[in-house]
Colleague: 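Provided herewith is a single structure, encoded as structure tokens, for subsequent inquiry.
Bear in mind the structure is a predicted one, so any value in this text is a computation, not a measurement.
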Amino acid sequence: MSSETWLTSLKCSSSIIQSSGSSSTVSVIVKWLEFIFLSPCSQRILFSSVDVVFLLTCIVLAVQKIYSRFQARKNSNSSSILEKPLLEAERPQTFKATFWFKFTVLVTAVLALCYIGISILAFTRGIRSAWNFAEALFRLFQALSHLVVLILIAHEKKFRAVYHPMVIRTYWVMSLVIVALFSGAGVARLISAGDNIDQDLRIDDIISLVSLPLYVFLFIVAIQGSSGISIVQEHKDGADSIVETNESNVSGYATASPISKAMWLWMNPLLSKGSKAPLKLDEVPTLPPIYRAQKMAELFETNWRKSGENVKYHVLMTLIRCFWKNIALTAFLAIVRLAVMYVGPALIQSFVNFASGDRSNLSEGYFLVLILLIAKLVEVLSSHQFNFQTQKLGMLIRSTLITALYKKGLRLSFSSRQAHGVGQIVNYMAVDCQQLSDMMPQMHSLWLMPLQLGVSLVLLYAYIGGAMLVSVFAIVSVIALTFMIARKNNKYQFNLMMNRDSRMKTTNELLNNMRVIKFQAWEEHFSKQIQNFREKEYGWLSKFMYAIAYNMSMLWSVPVVIAALTFVVAIFMHIPLEAGTVFTITTILKILQEPIRTFPQALMSISQAMISLERLDGYLTSYELKTKTVEREEGCGDGLAVEVIDGTFSWEDEGEEQVLKDINFQIKKGKLAAIVGTVGSGKSSLLAAILGELHKSSGKVRVCGNTAYVSQTSWIQNATIQENILFGSKMDKKRYSDVLRACSLEKDLEIFEYGDQTEIGERGINLSGGQKQRIQLARAVYQDCDIYLLDDIFSAVDAHTGTEIFKECVRGVLKDKTILLVTHQVDFLHNADLIMVMRDGKIVQSGKYEELLESGMDFGALVAAHETSVGIVEMSTNQYEQQSNSPRPITPKSPQNLSGKSDANGERRSFSNGERRSFSEQSNADNGNSKLIEDEEREIGQVSLGVYKQYCTRAYGWWGIGAVVISSLIWQLSLMASDYWLAFETSTERTFNPSLFIEVYAIIAVISCILVGVRMFLQTFIGLQTSQSFFDQMLESVLHAPMSFFDTTPSGRILTRASNDQFNVDVLIPLFLSLTIAMYFTVIGILFITIQYAWPTAFLIFPLIWLNFWYRRYYLSTSRELSRLDSITKAPIIHHFSETISGVMTIRGFGKQDKFFQENFDRVNANLRMDFHNNASNEWLGFRLEMIGSFVLCAATMFMVLLPSTIIKPEYVGLSLSYGLPLNGVLFWAIYMSCFVENRMVSVERIKQFTTIPSEAPWRNPNFLPSSDWPNHGDIAVSNLQVRYRWNTPLVLKGISLSIHGGEKIGVVGRTGSGKSTLIQVFFRLVEPSAGKIVIDGIDISNLGLHDLRSRFGIIPQEPVLFEGTVRSNIDPIGLYSDDEIWKSLERCQLKDVVAAKPEKLDASVADCGDNWSVGQRQLLCLGRVLLKHSKILFMDEATASVDSQTDAVIQKIIREDFAACTIITIAHRIPTVIDCDRVLVVDDGWVKEFDKPSKLLERPSLFGALVQEYSNRSSGL
């Protein structure tokens, strides 16, 4: 018996199978399967078996529960045991039955009542055959099962069960599977048997089809598990409870009903708000609590590999464990969508047959339209729910990975941190997480494609028999080809990402060190580096994009080429080609186009995802700091605070190169221990070892109490001064005030216009070195810890401020604390309880000051060097003291009275001198414009046509876009021509001519293939040229931006444009813009053909078009703003992460990891809520457009049913349906892709913002080129120099005039923040003067090009900056000097021995930011750069602040010898550094107070004399 016969047979006997004894085993098995799954009688017995098993299970469970309760009652006095539910554990105290629960009850009740009614009817009609008996029993068991389910659900409400019992959920899943089988068999019967179906069977089929949506709903309930009973108050144990949130603006999704979720009704309030006015950040609802970053982080950590577990892909396995339920739900939705997708094509033959018949039975036509409508509605609902659920899954995965990456960043060991680098980790966050998120919608294509292919081939076989083999061969060939292309794309993608990583790493380094790069005029060098990486990236990008173009061309050609081949074989095999058959085949092949197209894309996405997973695996399994390296105890009883016994440490995880050896010391509670030694001796490493930052090879470290750490290189957050000091602690006003006084910050806050509410720029860029050091010291003091580790805190402050800090802070506020102080200031060592002297990673001496001085050795040398350096100061002191009582003269150049004390300690780099008020008044003043970092610029409203025009015409003007549009139009016309030819040739009025039919069709197919290829390669070429043009302009604009731009723009903003936005312009916009154009032409073609042959539909088409565009405008006003807000909220995540990584030692030192985790959660949630609502808005639109399209299609089909065949010929019914079936999908995709392009166009808008940054002066002025030897003398004349940082801020330098002769050595001194560093910035024109001029060797420097000016000066900046690379690339970045010259330079700057000791010599590695070199060594390397350059004018800004007195003396000697004939301007806090200068310039509050020879200034009362006095007497009274 054939499959078709089984479908219509009412026999319940299998005797036919048993009688066929001659059949093979395989054929018997096949027949049995056909009988069981296709015979209506067997189907009912199968379903009845499931019902019986369910009922028996319920009875067994109920009996078991009742028995156990009676047993428990006997053994206890409790009378409440019988009050517990039968199938659930506990009842919560307060509950709420949601709409979800009520709707479940309603659906179950409807099914129960219907089956009870049908069961009664079945028995009242009588049992006339085995079929009637099977039917009646089946309906009875159905009625009983649904009645039991209804009772159990009511039982759940009574006992407030949060979850449905597993037995009910299993039953619902099994029921759906069998009802789907019933429905599929019913549709197959309708198509194959037509009117030859038993009336009872037809009614059963209708019941199955109508009940299918109800079973689908119950299946969703079963998968989710939740009963819909919401607990308002948690259990005491909090298990499995759904806690309602009290937040006011939570996403409507959190409390939405199933209907609201299914149709996205919960999005209506947000879309309504967005359509009236541009959305603001705080108007977008927060994420539902279950989807927030905190929950995702907990989930990931719970499911992360356990110790001893051996898995290859750690991240992949963890994600599967976390989200398997979501993956299962999306897989189910994909299957439902696939099942209903083929109903339409399968009905084409029936419609054509109906149209070509006498049309007497209109009910058949109506039935066909009804089936089409139901199939389309289920397809629309399942496809958009699939899209939304996969996008939501992608969002949750991105959230999970970002939080995991962040947490890992705070746990990485030093060497792991160096191995990855900030730029690369930023890419892990920005690119890899995004790719894994984007891969989710395509994940199921891998297994769906073979399934879809199988269904298509079965249908093709049903219509054309063996001719479908050629289709199989062609499809397999295409898939094989796409596999090959996917493999190549995998390689291209890997190389593309590697080069993008390198480009982002260099860009990040450029942005972090822009001040030094501008000082040295190295922009062009870094530009070449970035351009080189971009060139390689662009090469791989081109290959990648052309491979995609080739792939897309081939896949778009697939339907027409395979159709041509199939028709050739069908004609050869004499298979009749009628209109119904032809258009069914072309429609099935068009449906196949989607899986064939998405399959390689899915392969590419999955291959990219696997690369990303490998990268993430490498990062997330990197070495972490061992928390047990340091034994941390609270309140040790032995009086010790810090103890190290036989400690050996290294920065490397394997401990190969030991930086500290044989470390033994004990520090008692409340004592001050000083650590001294020459540069690179291991002082900072010792503090790091105590903090647990180093790998401990051997020994024991014990710390009693909590720690505070102040690093040598300041780490300041991009926040207000107050937020930096509080560092997450609560405000205690008295303590806060004491801390500000102790750290000498009160005067700075008086001067800042907004007091302690003034915002600090990224990396503290707008503060002086001294201010940064004192703010981070205040942060440590405010935390009130037990042990303080202070790393060279006096290096960046002047003698007076240093003395104040030592008195008020170290020996004042912290007098009862344990302090480990690394310092080069010998003056303070008298007060230390213990001094440890270090050399080559060992403690070579330890004891009190006098003991060590008597023993000599290293400490004696350090003290001797210091005493020698201050000898001249002390010799001059007596003379100054004799004059100290006489009145001080007023310096003519200052209009103010001279005072012995500085007006402020604050250098105004980007701040202003405002009205002086106390800091507390300032804190409470309204914030006004206290923000240095302005909110990111954001366009509002629709993306302007100007942006589209600029993008489309950037590479080749209007010719380029015109060529793409025309090629798309001609291609669409060729596709329509092929279908017209099919309809024309297969009409009943024409005599079929096989050779002519195939010749014409083949010619059209070839033309179509050529056109699609030309179109794809043309748009790819233009897109690549356009993206490169944008990149070049943005890079040039950023490099030419003034320093003030970098002071006020976080690097995260620039990095997101260079990574995410550039990726959109590189890949997504050209691809999707081209697809959008093609889709709109396809829509026009469909509408043209539909109107042509079902002309009454025209009355529906125009409202449909209006509705679509109305919906598009309504939706886009919200979606566009969500996309912009999404881009804006992404940058803070990256900025916060890079800020965290750079300050990780400080964060861990204070134990503030949890505070930073929370901040990361907040930023991730802020970004993800945009993503979540953006995805929901996309599906809100898609669902409505496709639903409307489905109704229009069914209306058009109804007209075809109603209108006589004289108006619509049968062959054109087939043509119209083959075009009309995809109308809803194509219409949605056309609108959606245009919206997608508009949202991605925001990237063009954002890049455009950074291509129009106001530029600093030109790098070269061709009209004013200096001679090659300028400056040849070094004469400097400054006249009435006035400087302000912004046009609306007061003057910082207020009218400086001075003259310096060539070869003079000038020392510049003044209180911390008096304007010394600002003066140097003006010489380099990092800040342009507001008035006055600087003339050097007869040339006004304002006329020169910036590079002509800056490249002629030498500078050693206040903060020593090294770049990732080698010693050679750092000391000679541009490669101008030979190795011999470099070695000589290293010898002169005292680093030759250190570098020569390394195996790689000049190629020894320098880590990101020079982290593997001490701060002192970094300063010496910066000195080496200057020694190579031999500039005629040299600026030194605190160049030796981080080296000991001994090394400082040597360096000063070298500079005087090597730069004997040069003009040197030295800023220094150490008086010995400037005491033997030719002249000293004293700057105070932006004025030149004194400018004369040191000896003359010391002969009379002077500010310089006061500074000298303070320096020589700084230790007295401490």
Side-chain angles (χ1 to χ4, degrees), residues 244-256 264-296 392 395-396 398-399 402-403 717-720 722-723 728 754 757 759 926-943 1049-1050 1052-1053 1056 1060 1114-1136 1155-1178 1180 1239 1242 1245-1246 1249:
E244 295 204 335
T245 177
N246 295 322
E247 290 181 51
S248 57
N249 192 25
V250 180
S251 174
Y253 187 84
T255 53
W264 291 274
L265 299 175
W266 56 273
M267 276 295 294
N268 287 346
L270 183 66
L271 288 157
S272 173
K273 193 180 285 183
S275 68
K276 291 169 187 167
L279 283 176
K280 294 174 187 163
L281 201 63
D282 56 356
E283 289 177 332
V284 182
T286 58
L287 285 172
I290 55 168
Y291 299 143
R292 290 184 189 166
Q294 295 92 321
K295 289 281 183 192
M296 295 302 105
K392 187 179 81 178
M395 178 199 82
L396 296 178
R398 187 162 74 89
S399 164
I402 287 174
T403 51
Q717 286 184 275
N718 175 203
T720 64
Q722 186 186 89
E723 286 166 345
Y754 297 96
Q757 296 306 307
E759 189 179 6
D926 76 311
N927 273 8
N929 191 25
S930 68
K931 283 174 76 66
L932 171 78
I933 307 297
E934 297 299 335
D935 290 335
E936 185 164 358
E937 185 182 345
R938 167 193 162 200
E939 306 286 342
I940 55 169
Q942 68 182 62
V943 176
T1049 306
R1053 281 185 202 169
T1056 47
N1060 279 26
Y1114 182 78
Y1115 148 85
L1116 200 52
S1117 56
T1118 299
S1119 174
R1120 183 176 48 235
E1121 298 311 314
L1122 286 171
S1123 287
R1124 284 175 176 148
L1125 290 168
D1126 182 45
S1127 297
I1128 286 169
T1129 52
K1130 253 180 197 157
I1133 298 174
I1134 293 171
H1135 166 63
H1136 181 241
K1155 169 189 178 287
F1156 280 80
F1157 290 154
Q1158 187 56 50
E1159 205 167 324
N1160 175 248
F1161 291 151
D1162 293 342
R1163 291 176 190 234
V1164 171
N1165 286 332
N1167 177 241
L1168 289 186
R1169 65 179 171 154
M1170 307 303 162
D1171 200 18
F1172 179 73
H1173 290 98
N1174 204 359
N1175 292 336
S1177 67
N1178 293 341
W1180 178 94
N1239 288 338
V1242 172
E1245 202 174 58
R1246 283 161 56 80
Q1249 288 169 357

Colleague: Given side chains that start at C-beta, do those of Asn268 and Leu265 come closer than 4.5 Å, heavy atoms only?
Modeller: yes
Colleague: Do Tyr253 and Trp264 have ring centroids that are under 6.0 Å from one another?
Modeller: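 No, too far apart.
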Colleague: Is there a donor-acceptor pair under 3.5 Å between the side chain of His1173 and the backbone N or O of Arg1169?
Modeller: yes
Colleague: With a 4.5 Å limit on heavy-atom distance, are the side chains of Asn1178 and Tyr1115 in contact?
Modeller: yes
Colleague: When rounded to the nearest 0.5 angstrom, what distance separates CG in Asp1162 from NE2 in His1136?
Modeller: 9.0 Å
Colleague: When you measure from the side chain of Ser399 to the backbone N and O of Met395, does any donor-acceptor pair fall under 3.5 Å?
Modeller: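 Absent.
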Colleague: Between the side chains of Asn1165 and Gln294, does any donor sit under 3.5 Å from an acceptor?
Modeller: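 Distance-only check passes for Asn1165 and Gln294.
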Colleague: Among all residues two or more places apart in sequence or in another chain, which pass the side-chain hydrogen bond (donor to acceptor under 3.5 Å, both in side chains) test with Glu723?
Modeller: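 Counting only residues at least two positions away or on another chain, Glu723 forms a side-chain hydrogen bond (donor to acceptor under 3.5 Å, both in side chains) with Thr720.
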Colleague: Under a 3.5 Å distance rule, please check whether Glu1121 uses its side chain to pair with a backbone N or O of Thr1118 as donor and acceptor.
Modeller: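 It does not hold such a pair.
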Colleague: Sub-3.5 Å donor-acceptor pair from the side chain of Asn1174 to the main-chain atoms of Leu1122, do we have one?
Modeller: no
Colleague: In the structure I gave you, are the side-chain heavy atoms of Ile402 and Leu1168 within less than 4.5 Å of one another anywhere?
Modeller: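 When only atoms from C-beta onward are counted, Leu1168 and Ile402 do not touch, as no gap falls below 4.5 Å.
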Colleague: Could you check whether any side-chain N or O of Ser1123 sits under 3.5 Å from a backbone N or O of Ser1119, counting only pairs where one atom can act as donor and the other as acceptor?
Modeller: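 Present.
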Colleague: A side-chain contact here means heavy atoms from C-beta on lying under 4.5 Å apart; do Asn718 and Glu759 qualify?
Modeller: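 Sidechains of Glu759 and Asn718: in contact.
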Colleague: With heavy-atom distances below 4.5 Å as the criterion, would you say the side chains of Leu287 and Arg292 are in contact?
Modeller: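 They are in side-chain contact.
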Colleague: Show your reasoning for whether side chain to side chain contact (heavy atoms under 4.5 Å, CB included) applies to Arg398 and Asp1171.
Modeller: CA-CA 11 Å; Arg398 187 162 74 89; Asp1171 200 18; 3.5 Å; yes
Colleague: Checking Leu279 against Leu270 for the side chain to side chain contact (heavy atoms under 4.5 Å, CB included) test, could you report, in this order, the C-alpha distance in whole Å, the side-chain angles of both residues, the deciding distance, and whether it holds?
Modeller: CA-CA 9 Å; Leu279 283 176; Leu270 183 66; 4.0 Å; yes
Colleague: Which pair of non-hydrogen atoms, one from Val284 and one from Asn249, has the smallest distance, and what is that distance?
Modeller: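 Nearest pair, atom of Val284 first, then Asn249: O-ND2, 3.6 Å.
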Colleague: Taking side-chain hydrogen bond (donor to acceptor under 3.5 Å, both in side chains) as the definition, give me every residue that meets it alongside Asn1175, ordered by chain and number, with sequence neighbours left out.
Modeller: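 Once residues adjacent in sequence are excluded, Asn1175 has no partner under the side-chain hydrogen bond (donor to acceptor under 3.5 Å, both in side chains) criterion.
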Colleague: Looking at Pro1132 and Arg1163, what are the two nearest heavy atoms and their distance?
Modeller: O-NH1, 3.1 Å
Colleague: Please examine the side chains of Phe1172 and Pro288, heavy atoms only from C-beta on, and report whether any two atoms are closer than 4.5 Å.
Modeller: yes
Colleague: Can you find a heavy atom in the side chain of Leu271 that is under 4.5 Å from one in the side chain of Ser1177?
Modeller: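 With C-beta onward as the side chain, the pair touches.
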Colleague: Where do Met1170 and Leu281 come nearest, in terms of heavy atoms and distance?
Modeller: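 In terms of heavy atoms, the two residues are closest at CE-CD1, 3.5 Å.
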Colleague: With a 4.5 Å heavy-atom cut-off, do Ser272 and Tyr1114 have their side chains touching?
Modeller: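 A side-chain contact exists here, since the closest heavy-atom pair is under 4.5 Å.
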